[in-house]
Amino acid sequence: MGITIKDVSKAFGTFQAVKNVSLEIPTGDFVALLGPSGSGKTTLLRLIAGLEGLDSGGIYFDDIDNTYKSIKERNVGFVFQNYALFKHMTIFENIAFGLKVRPRKTRPSKNEITEKVNELLKLVQLDHLAKRYPSQLSGGQRQRIALARALAVEPEVLLLDEPFGALDAKVRQELRHWLREIHQKLNITTVFVTHDQEEALEMADTVVVMNFGEIEQIGSPEEVYQKPESAFVYSFLGRVNEFRDSEVASESDKISYIRPHEIVLRKILQGDSIVSEVSHIHVIGSTVRIELRRYDTNDLFEAEMSIDQYQKMGQVKKGDILYAEFKNIVVFDKNSENKLNHSGKSGIRNSLKSKLI
Amino acid sequence: MIVRDTTLHAKNVKTTFQPGLLTKWLLITVAIGFLGIFIVVPLIAVFSEALNKGVQLYFAALTEPDAVSAIKLTLITAAITIPVNTIFGVFAAWAIAKFEFKGKNILITLIDIPFAVSPVIAGLVFVLLFGSQGLFGPFLEANNIKIIFGIPGIILATIFVTFPFVVRELLPIMQEQGTEEEQAAITLGANGWQMFFRVTLPNIKWGLLYGVILCNARAMGEFGAVSVVSGHIRGLTNTIPLHVEILYNEYNFTAAFAVASLLAMLALLTLILKSFVEWKTKKH
Amino acid sequence: MADKRKRHRVLPGFGLSMGYTLIYLSLIILIPIAVLFLKASTISLAEFWDTVTEARVVASYKLTIYTSFIAAFVNAIFGTLIAWVLVRYDFYGKRIIDALVDLPFALPTAVAGIALTTIYAPNGWIGQYFESIGIKVAYTPLGIMIALTFIGLPFVVRSVQPVLQDLDQQYEEAAATLGANPLQIFAKIIFPAIFPATLTGFALAFARALGEYGSVVFISGNMPMKTEIVPLLIITKLEQFNYAGAAAIAVVMLVFSFVLLFLINFWQWKTTKKYQVS
């Protein structure tokens, strides 16, 4: 089932959590709502579920107007951030809950419920835990049970609030792949909230980047990463060097950004490069991050390369002088935060040169 | 005593506040001594005075018709007060803990009023309402309804003094549990009552029991408020505590203490149940 | 943000539970209390003043307040000590002692009253020793204090106990590593941390003692001007069918209790705000 969100706004007192948001989610899509805390992403998710009432706008599932429908009528599956498993029920009872509370007419028989629950337990690969209580499960297992419980009512839309927020890094990694697989298997329209850009980029078909209650950009993971439409999107997705009022951006109301891996370091001057002094070297597994200080402006910046490239460069230590070539500078207007140009180095060549020599 | 050690391994250094063994036992002795004199001795006194003229007299005092009717009245009072205040407690705790609204703190303060009101004043307000000179006195008299100096008055006064017990126990538990489990139940299609009986109630059952136990102890033992409204009619409007008072004032000490020992046993039972519930909730 | 979300009232039953709460609260508590003030206002201000400043009434106010204060003070000291012993030490029978602390909550006041009177009567278990050194306990203000100490005991213990339990021993450890001796640690670290709780317990015990009737009425002897407490005086007025007089005395007491309770709440709110780490 597709979801259409039209000009939706929601305020809590004086705090405008969601401002005029419009969004189209096609059937079967896997969407990430990505943004920092307070960006309105969780509120938007809860508005879709009906856990929150909206101030204005409309929410449609396919052609059905769900704006003022109750949670029950919307037939959504919702996975809560802290799972909200019923503590006093076994895992089996938790999953069966949604089926057992149906009115007698539509309630499946006992055998059917048992069959359905077992099927779901197999789907989440936890059939051996049916008789346990939530407190006896690990975080990752609880997450899977919460998902199985939400799926039991055969929702048309699956909504997940920070699904992996409370888990440690390793379990998180496992569950990401697992959730993707489940989505592929069931092909149910899925929306999840996250503040982790890596998670959004890795899992989603569509990433919706939000900030201050508004949508900054909608696109595939590749699009939002490669072609950010605003300074916020650029800086939120991945590590970034920021130069304010620097000589790179010749006008003072511009901010320019460059990702660390788009900086090439050399020991000898070649092309348009900036003289910089090495102030720190961090070797993190297979990548190397080097912190440098520009000679011209005294700004600190970070460059990143693979360990192979680093070794190819030859011995580098703190205090060495390196020449940094900025391969892909992006300049945004400081005030409107809109992108001005997505230049390579050409647009800034002159000013750079004059400073370097 | 602080053992100074040159090593910095925290495990080997006793750094917490640990006065010497002597201080420890001195403090324990003082504490036990104080509790002994103020709590244990009165408790023993009740049973000792009750039984000092023999078991026969003890049971005679308990089975005498006035005592039996006092016991009955106390049970009736508790049987009405507890459900009424429990239902209120659950409703009020639900509204306060699970929803946001203006004036919440004021509402909580108002619910606490009976804690700040002398039991005698609790009785007095009902006399002023329903007594012969009270607001509704003439009306009640004209229709031959007796509230003051009757059982309804006793029940009203008891409801007043035990009013906050259940809600006060439930409120912190419900607030701590938040609303996520209930929201989950709703998203899974449960209706209001299904949500309450299948999700909320199982989560608060021990707190509810705790509140009911405390409410019961107070309802059965209330003296001041009930004393004002009862009229002390033997065999008719005397609860157990009032019966104790009458016997005591008639210098019938043995009988007074015999009946009082019932209440003391109730108190001990309350403490045992209370400890049991505390142990149960700690386990969860 | 989490609490604001509830505004939409996703959960059912707000109207029903709130409506029921307000109606029940009004019927059982608010209207009766309002009637008390109404009744007190049926007499003229001069009459009201005469009633509440009559020598016998003033004597009972004084007696009630000072015996309550002393009892609450005794409880503040011993209650804190008992809480300390229960939290920090392990000894045989600790759990029973812990449970017994609540006895004054569970034991009907009339039972406590007759038991204490019997013990402290001139020929009672403890009273006889006081008698031999020339001190009368029962039927004197001292007896009233003992009864009020009994009923107020749990308040301080139960206020201090959780605070002491939550007190992170790291602070004490930190003080010790900085060279503080045990007495300094107590005075500078522990005492300031538990003092607000002690004061809260004191105030609660004080407020409870002010209105106490059952446990006091037997041991006090009820002599006008000497050992007559305010609640008893209210009953006396009632028995003389002087409803307005009873209401007047009750109003003064009630206002006193409410102001006290308000001060406790205000003070608690202020201290929690002061120490809150945002």
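Keep in mind it's a predicted model, so treat the numbers as computed, not measured. Reminder, nothing fancy here: chain letters follow the sequence lines and each chain counts from 1.
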What one should report as the nearest heavy-atom pair of F91(B) and S17(C) is O-CB, 3.3 Å

Interface check, chain B: of D98(C), L16(C), I114(C), most non-hydrogen pairs under 4.5 Å belong to I114(C)

Here the gap from I28(C) atom CD1 to N85(B) atom CG, rounded to the nearest 0.5 Å, amounts to 7.5 Å

- Between Y24(C) and F163(B), does the ring centroid distance fall short of 6.0 Å? yes

*What class does the angle between the rings of F34(B) and F78(C) fall in, given that below 30° is parallel, 30 to 60° is tilted and above 60° is perpendicular?*
parallel

### Message
Quick check: do L110(B) and I29(C) have side-chain heavy atoms less than 4.5 Å from each other?
### Response
no

Any heavy-atom pair between the side chains of F115(B) and L204(C) that's under 4.5 Å? no

Residues L263(B) and P108(C): closest non-hydrogen pair is CB-CG, 3.7 Å

Cut-off 4.5 Å, heavy atoms of chain C, and the answer for F130(B) is neither

Bottom line for I272(B): the part with an atom under 4.5 Å from chain C's heavy atoms is neither

Bottom line for L36(C): the part with an atom under 4.5 Å from chain B's heavy atoms is both

Okay, E49(B) and chain C: the region with an atom under 4.5 Å from a heavy atom over there is side chain

Whatever's closer than 4.5 Å to a heavy atom in chain B on F258(C) counts as side chain

Closest non-hydrogen atoms of Y243(C) and G134(B), given as atom of the first, atom of the second and distance, are CE2-N, 4.2 Å

When the 4.5 angstrom heavy-atom criterion is applied to T187(B) and chain C, the contacting part is neither

message: What I'd like to find out is whether the side chain of I31(C) reaches to under 4.5 Å of the side chain of V125(B), using heavy atoms alone.
response: no

Under 4.5 Å to a heavy atom of chain C? For I28(B) that would be both

Do M195(B) and P12(C) make a side-chain contact, defined as non-hydrogen atoms from C-beta onward lying under 4.5 Å apart? yes

| field | Side-chain heavy atoms of F105(C) within contact of L214(B), under 4.5 Å | value | no

Check your understanding: Hey, mind stepping through V217(C) and F223(B) against side-chain contact (heavy atoms from CB on, under 4.5 Å) and telling me if it holds?
Key -> CA-CA 11 Å; V217(C) 75; F223(B) 177 69; 4.1 Å; yes

The interface call for D90(C) against chain B, heavy-atom contacts under 4.5 Å, is backbone

So, the part of L232(C) with a heavy atom under 4.5 Å from chain B: the answer is neither

Y20(C) and V84(B) have their tightest heavy-atom pair at OH-O, 4.5 Å

Correct closest heavy-atom pair for F38(B) and I146(C) would be CE2-O, 3.7 Å

When the 4.5 angstrom heavy-atom criterion is applied to L30(C) and chain B, the contacting part is side chain

**Asked** Does any non-hydrogen side-chain atom of W94(B) lie less than 4.5 Å from one of F14(C)?
**Response** no

Between the CG atom in L107(B) and the CG atom in L22(C), the distance rounded to the nearest 0.5 Å is 6.0 Å

Below 4.5 Å, heavy atoms only, C-beta onward: do P104(C) and I39(B) meet side chain to side chain?
yes

The interface call for L238(C) against chain B, heavy-atom contacts under 4.5 Å, is side chain

- prompt: Is the closest side-chain heavy-atom distance between T118(C) and F253(B) below 4.5 Å?
  reply: no

Interatomic distance, OG@S118(B) vs CD@E212(C), rounded to 0.5 Å, equals 8.0 Å

Sequence neighbours excluded, the answer for side-chain hydrogen bond (donor to acceptor under 3.5 Å, both in side chains) partners of E222(B) is R218(B)

CG of L107(C) to CG of L268(B), rounded to nearest 0.5 Å, is 8.0 Å

Applying a strict 4.5 Å limit to non-hydrogen atoms, the region of I82(C) in contact with chain B is both

Turns out that what part of A247(C) lies under 4.5 Å from chain B's heavy atoms comes down to both

To the nearest 0.5 Å, atom CG of D102(C) lies from atom NZ of K274(B) at 3.0 Å

Under 4.5 Å to a heavy atom of chain C? For S261(B) that would be neither

Honestly, the part of A207(C) sitting under 4.5 Å from a heavy atom of chain B is neither

So, the part of V101(C) with a heavy atom under 4.5 Å from chain B: the answer is both

So, the part of V228(B) with a heavy atom under 4.5 Å from chain C: the answer is side chain

Ranking N216(B), I44(B), D112(B) by heavy-atom pairs under 4.5 Å to chain C gives rank one to I44(B)

For Q133(B) and K39(C), the nearest pair of non-hydrogen atoms, with its separation, is O-NZ, 3.7 Å

Bottom line for F241(C): the part with an atom under 4.5 Å from chain B's heavy atoms is both

Within residues 151-158 of chain C, contacts to chain B at heavy-atom distances under 4.5 Å involve L153(C)

CD1 of I121(B) to OH of Y213(C), rounded to nearest 0.5 Å, is 13.0 Å

